[in-house]
Amino acid sequence: SYWHEEIHQQFEIDLLLGLVIAWVVITLSRYISTHTQWGQKIDDDFTAIFQGMPKYYLSGLAVMSALCEEVIFRGFLQSYLGLAWTSLLFGALHVPMQKHHWPWTVAACIMGVVFGVCYEWRATLTAPLIAHFTINYFNLHALAQRTPTGSDYS
């Protein structure tokens with residue numbers, strides 16, 4: 001039926017959009033991690049947390065964090081607070097314990113804008129959810145398999 005084809009086509013667009021966003025973000029994060037000292041330091045610190053965790057745990061964390069954050073921030077808060085405030089709040093809730101992790105908070109604010117614009121443009125959580133999950137999935141698994149550089153970053 002026409003309705004079924006329309007839904008299928010919209011899902012394909014959301015899937016492709018989510019995967020393209022994820023690919024860009026993962027590529028940028030890998031570049032930053034290998035070409036900047038602060039990126040290496042952040043990865044070293046997160047590697048210490050995730051290294052050796054079972055793959056099913058990392059996968060579950062990727063699913064649950066993406067699902068919960070997208071439903072709360074884009075699906076609920078964005079309609080009340082707007083794109084800018086929701087993105088700032090999203091970033092604020094990613095404030096790290098260590099001062100040198102501030103780029104991660106800035107990146108979370110930027111991703112809040114990207115996910116929020118995507119949500120407003122597509123009028124569905126599908127694309128931001130796919131992007132968020134894919135980013136978390138690949139980055140968490142990469143951190144868990146990574147060997148810390150052990151460099152002195154002072």
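- Applying the salt bridge (Lys or Arg N to Asp or Glu O under 4.0 Å) test to pairs two or more places apart or on separate chains, those with a residue in residues 63-88 are Glu70-Arg74.
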Would you please test Leu17 and Trp121 for side-chain contact (heavy atoms from CB on, under 4.5 Å) and show each step? CA-CA 11 Å; Leu17 180 60; Trp121 177 45; 3.3 Å; yes
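- From Gln40, atom CD reaches atom OG1 of Thr47 across 11.0 Å, with rounding to the nearest 0.5 Å.
- With ring centers used as reference points, Phe76 lies under 6.0 Å from Tyr80.
- Gln145 and Gln51 share no side-chain donor-acceptor pair at under 3.5 Å.
- Within the 4.5 Å cutoff, the side chain of Ile32 has heavy atoms near those of the Trp38 side chain.
- When Thr27, Ile26, Val20 are each tested for a side-chain contact (heavy atoms from CB on, under 4.5 Å) with Trp23, only one passes: Thr27.
- The aromatic rings of Phe90 and Phe73 sit perpendicular to each other, their planes meeting at more than 60°, with 30° as the lower class boundary.
- To the nearest 0.5 Å, the span separating CD1 on Ile13 from NE2 on His8 amounts to 11.5 Å.
- Side-chain contact check for Gln10 and Glu6: at least one donor-acceptor pair (N or O, by modelled atom type) lies under 3.5 Å.
- Shown are Ile21, Thr126, Leu125; of these, the side-chain contact (heavy atoms from CB on, under 4.5 Å) with Cys118 is made only by Ile21.
- For residues 94-110, no residue pair satisfies the salt bridge (Lys or Arg N to Asp or Glu O under 4.0 Å) rule, not counting sequence neighbours.
- Note that OG of Ser33 is 7.5 Å distant from CG of Asn139, once rounded to the nearest 0.5 Å.
- Within a 6.0 Å radius of CZ in Phe50, more than 12 heavy atoms belonging to other residues, nucleotides or ligands are found.
- Rounding to the nearest 0.5 Å gives a distance of 4.0 Å between CG of Asp45 and NE2 of His100.
- Using the six-membered ring where Trp is involved, His35 and Tyr31 have ring planes that are parallel, under 30° apart on the 30 and 60° scheme.
- Every residue two or more places apart in sequence or in another chain that forms a ring pair (Phe, Tyr, Trp, His ring centres under 6.0 Å) with His141 is listed here: Tyr137.
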